[in-house]
Amino acid sequence: MIDNTRKRKWDDTGNMQNTIDKQQKSNDNSLNEAIETNPYLAHLRKPEKLISGKTTAAQAEKIENGEINPFTGRHFTQKYKDILQKRRNLPVHAHRDKFLELVHNNQMILLVGETGSGKTTQIPQFLVYDEQPQDKGKMIACTQPRRVAAMSVAKRVADEMDVNIGEEVGYSIRFEDCTSPKTILKYMTDGMLLREAMTDPKLTRYSAIILDEAHERTLATDILMGLIKKIAKNRKDLKIIIMSATLDSEKFQKYFNDAPLLKVPGRTFPVEIYYSPEAERNYLDAAIRTVIQIHTCEEPGDILLFLTGEEEIEDACRRLRDENNSLMKASTEIGELRPIPLYSSLPPALQQKIFDDPPPPRGPGKQPGRKVIVSTNIAETSLTIDGIVYVIDPGFSKQKVYNPRIRIESLLVSPISKASAKQRAGRAGRTREGKCFRLYTEQSYIKDLNEQTYPEIMRSNLGSVVLQLKKLGIDDLVHFDFMDAPAPETLMRALELLNYLEALDDEGELTKTGEIMAEFPLDPQLCKMLIASSKYKCSEEVLSIVAMLSVPNVYIRPKDQKDRADEKRRQFEHDDGDHITLLKTFQAFKANHEDPNWCYNNYLNLRSLKSADNVRIQIENIMKRLRLDVVKSEDDKKFSSIRKSLTAGFFMQVAHLEKSGHYLTIKDNQVVFIHPSSCIMEKPEWVVYNEFVLTTKNYMRTITKIKGEWLLDIAPQYYDMSNFPQCEARRALERIIKKHKLSSSHRRK
DNA sequence: TTTAGTAAG
C-alpha cells in the first residue's frame, strides 16, 4: 500500500539525490543516515534530543512537526497532525518563545490568559517539551478546581500529544486515579494535590506545578499557593506557574515575590454593556421585563439570566411560561420563548436541556424561537453554554458566610463583585457579538460592587483546613503566608474545635488521633465519629451514616407531591432520629440493588445515593489501611452504640430542652428549633444535630436523641462543670453527676 | 411545620 502522506513527505524533504549523496559519504554511517532520511525507516530514528530547560519554540516545534512521537517512539497519527494545525492557531502559541524565556530565567511566573487563549491545554505541553520530565523521573502537575475539567482537559491533551489517556498524560481526581508509571503530565483537582502534599510534603514527584484558574481562589488553591511558595524556597529546581483568566495581577505579583507576568489575549467577541438608568426595586420583576423586551425587540440569539437559587429560578420560569403564552396568543408572528432552569441539584437529564436547539419558527417566514436559560452562578464558571448572545445580570448571588462568633456557616443573597459581573457579561460573547443588561446603575457598579469576591478561605469554617495544615507540618498558622489571611477568630475557633476533639493537644500539636483524622477526606467531627465507632463496634453502620452526611440531600420532595414523598420517607424513619433514618435509607438502597426505579418510586435521589456508596467505599478503605476495625454491630446494642459514636463527634452540637419547651444550644445558649423535616416528633431532653440552618428561625437539621450521661462520659473535656455557664443544661448535668456518685457509692457499700 | 450558591477531599 502506498501511503500518500508519506509519499508527499518524501517529495517535500524531497531531494532524492541529496539522500543518495549522503548515503555514499560514509559506509559506517550509512545505516544511520538511511534511518534519518528514509521515511520508511522513520520508526528506527532516535528522536531528536532537547536539552531540558533550554529549548526554544523552534526546536520544540520541529519535533512536534516530525514523524515520531518523542514520548512514545510511535509514528504520529494523522489525527495528531490535524489537531496540531488547530493548536498553532491558538493565541497562546504566538507567545511560546516568550513563555520559554520566562520559564528559563525564573522559578515562578504568572500567566493571564482570557477565555479561548488555549492556556490550559497548551502551556502544560510547552512545559513538557521544555522540561523533559521523563528524563528526571518526574511529572508535571496542572491543577483544576473541578473534577470534570481535570478529566476532560486531560483527555483532550492526550489526543493532542497522540498518547493514550492514563499513560503519558493522565488525571487524578477523587475516586479515580487515571495515571501510570509512564505519566509525565498529570491534570488533577487542586484538592487532590493538597492530599498528595500530606504524604510528600515537598512534592518531590513533580518538576513543575501549574496552578490553573487561580483567580477562582478556592480553598485548596489558596492553601496550595501558600504551600508552594514555601516549598519553592527549598526546591530551586521546581518550576511554578500560576495561571488564571482575569487576575488581580498586582496582588498576585506582590505575593509571588514580583514574579514576571505574561499576558495572552483571549478569543472572544465584544459585549456591549447596558445599565439600568435607576435602581430597580425588584430585580426579579425587572429581569422578567428585560427578557420579554429582548424577545420582542432584539435579533435572534439565546438569553442567559442569572438568579440566586432554585426556588427563585423555578418561579421565574413559571412566570416566563405565562408571559410566553400571552405573547403567542397576541401574535402569530412571534417565536416561542422557552425558559430552561439550570442549577446543580437538577437531575442530569434536565440539565442537558440547556444544550437543546432553540424552538423553531411557528411557520415559514416567521420569527425564530428563543431559549432563555435561567441559572444560578453555576453558569458563571462551571458550565459554558454556546449560543448565548444576551446576558441579564441582576447583580446578586448566594454566598457562603461564616460567623466565627456563633460558629455558623450560612448562605446569604449578596451583591456580586465587579470580577463576577465581568465574567457574567463575557458569557454573551462566546459565539458572536453580544449584549449584557445589568439591572443596576453604572454608578452602583462603580461605587457599590467590590473588585473581587472575597476568597472562600475568608468565608468558611476552617476546621478541616487547619487539620490539613497541621498535617502538612505548618505549626505556626498565624504566620502562615496566606494571600488573604482568614480572620484570627476563625482560626481560633478551628483550633478550639480540634482541641476538644482531641486532634490537637493543649500545645496545638497534632495528636495520634489527629494524625488519623487527617487521613480522611471528611470534616473533623465526622472523622471523630468514625474513629469512635470502631471502639463502640458499629463502624459498618456509622460508615454508611457518614457517607450519607457527606453527599447532597437524598430525599426528593417535589412541590406538588409533598405528601406522597413524605409518606414514602416514613418507611425509613426511626424513633432515635434522623441519622438512623439515613442509615435505613442507605441500607434499603443497597437491599434493592441500587435500582433506579426503586429510587424514583421512593422519591430518592439516585445520584446522591450512588455518590454516598462511592464515599463509603473510599472511607472504608482508608479505615482498613489505618487498621481501624470495620465491624457490624450486635443487634441489641446497635442503636445506642451508633448514637454514642455520634456523640463522640458532635458533642459540641448539642441542644437541651428547657422547661419552657424550647431548645437551647449548649454553652452559647442560642434558641433553636427542630427542623420540620426531622422525623423526631416528641421532644427528647438532649439532642445532637448535624447542622444549624438559619432561615425563618434557627433550625437544627438532622438530629438524634442522646442521653445526658453520655456527654459526661464521652466528652468530659467539654462537659467540665468548672468551665460551664450557669443554665438549665448545667443543672441537669449536675443532677446526673450527683446521681452517678450516689449510685456508685451505694455499689461500693 | 420548610431549606440548598458552587465546588472539593
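Numbers restart at 1 for each chain; the letters A, B, ... are given by sequence-line order, proteins then strands. Computed from a prediction, not measured in an experiment: that's the story for all the values here.
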Once you apply a heavy-atom cut-off of 4.0 Å, does [X] come out as touching a base, just sugar-phosphate, or nothing?
X: A/Tyr343; answer: sugar-phosphate
X: A/Glu310; answer: sugar-phosphate
X: A/Thr696; answer: sugar-phosphate
X: A/Lys400; answer: base
X: A/Thr308; answer: sugar-phosphate
X: A/Glu456; answer: base
X: A/Leu522; answer: base

Which class fits the ring pair A/Tyr699 and A/His675: parallel under 30°, tilted 30 to 60°, perpendicular over 60°?
perpendicular
Could you tell me how the ring of A/Phe673 sits relative to the ring of A/His662: parallel (under 30°), tilted (30 to 60°) or perpendicular (over 60°)?
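Geometry flag for A/His662 against A/Phe673: perpendicular rings.
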Would you mind reading off the distance between [X] atom [atom1] and [N] atom [atom2], rounded to a whole angstrom?
X: A/Met151; N: B/dA8; atom1: CE; atom2: C1'; value: 14 Å
X: A/Ile457; N: B/dA8; atom1: CD1; atom2: P; value: 18 Å
X: A/Arg217; N: B/dG5; atom1: CZ; atom2: P; value: 25 Å
X: A/Asp578; N: B/dT1; atom1: CG; atom2: C1'; value: 14 Å
X: A/Tyr402; N: B/dT6; atom1: OH; atom2: P; value: 22 Å
X: A/Glu216; N: B/dG5; atom1: CD; atom2: C1'; value: 13 Å
X: A/Leu219; N: B/dG9; atom1: CG; atom2: C1'; value: 11 Å
X: A/Gln399; N: B/dG5; atom1: CD; atom2: P; value: 13 Å

Set of residues satisfying salt bridge (charged side-chain N to carboxylate O under 4.0 Å, His left out) with respect to A/Asp576, sequence neighbours excluded
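A/Asp576 satisfies salt bridge (charged side-chain N to carboxylate O under 4.0 Å, His left out) with A/Arg643 only.
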Can you identify which nucleotide, out of [options], has its nearest atom closest to the [X] side chain?
X: A/Leu411; options: B/dT6, B/dG5, B/dG9; answer: B/dG5
X: A/Tyr699; options: B/dG5, B/dT2, B/dG9; answer: B/dT2
X: A/Asn553; options: B/dA4, B/dG9, B/dT6; answer: B/dA4
X: A/Thr376; options: B/dG5, B/dG9, B/dA7; answer: B/dG5
X: A/Arg557; options: B/dT6, B/dT2, B/dG9; answer: B/dT2
X: A/Arg146; options: B/dA7, B/dT2, B/dT6; answer: B/dA7
X: A/His675; options: B/dT6, B/dG9, B/dT2; answer: B/dT2

Counting only side-chain nitrogens and oxygens, does [X] get under 4.0 Å of the OP1 or OP2 atom of [N]?
X: A/Ser344; N: B/dT6; answer: yes
X: A/Lys398; N: B/dA4; answer: yes
X: A/Arg195; N: B/dA8; answer: no

Determine the minimum heavy-atom distance between A/Gly166 and A/Thr183, stating which atoms define it.
O-OG1, 3.7 Å
Could you tell me which residues satisfy side-chain contact (heavy atoms from CB on, under 4.5 Å) with A/Ser414, sequence neighbours excluded, listed by chain and number?
A/Gln399, A/Leu412
Below 4.5 Å, heavy atoms only, C-beta onward: do A/Leu501 and A/Leu497 meet side chain to side chain?
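A/Leu501 vs A/Leu497: side chains touch.
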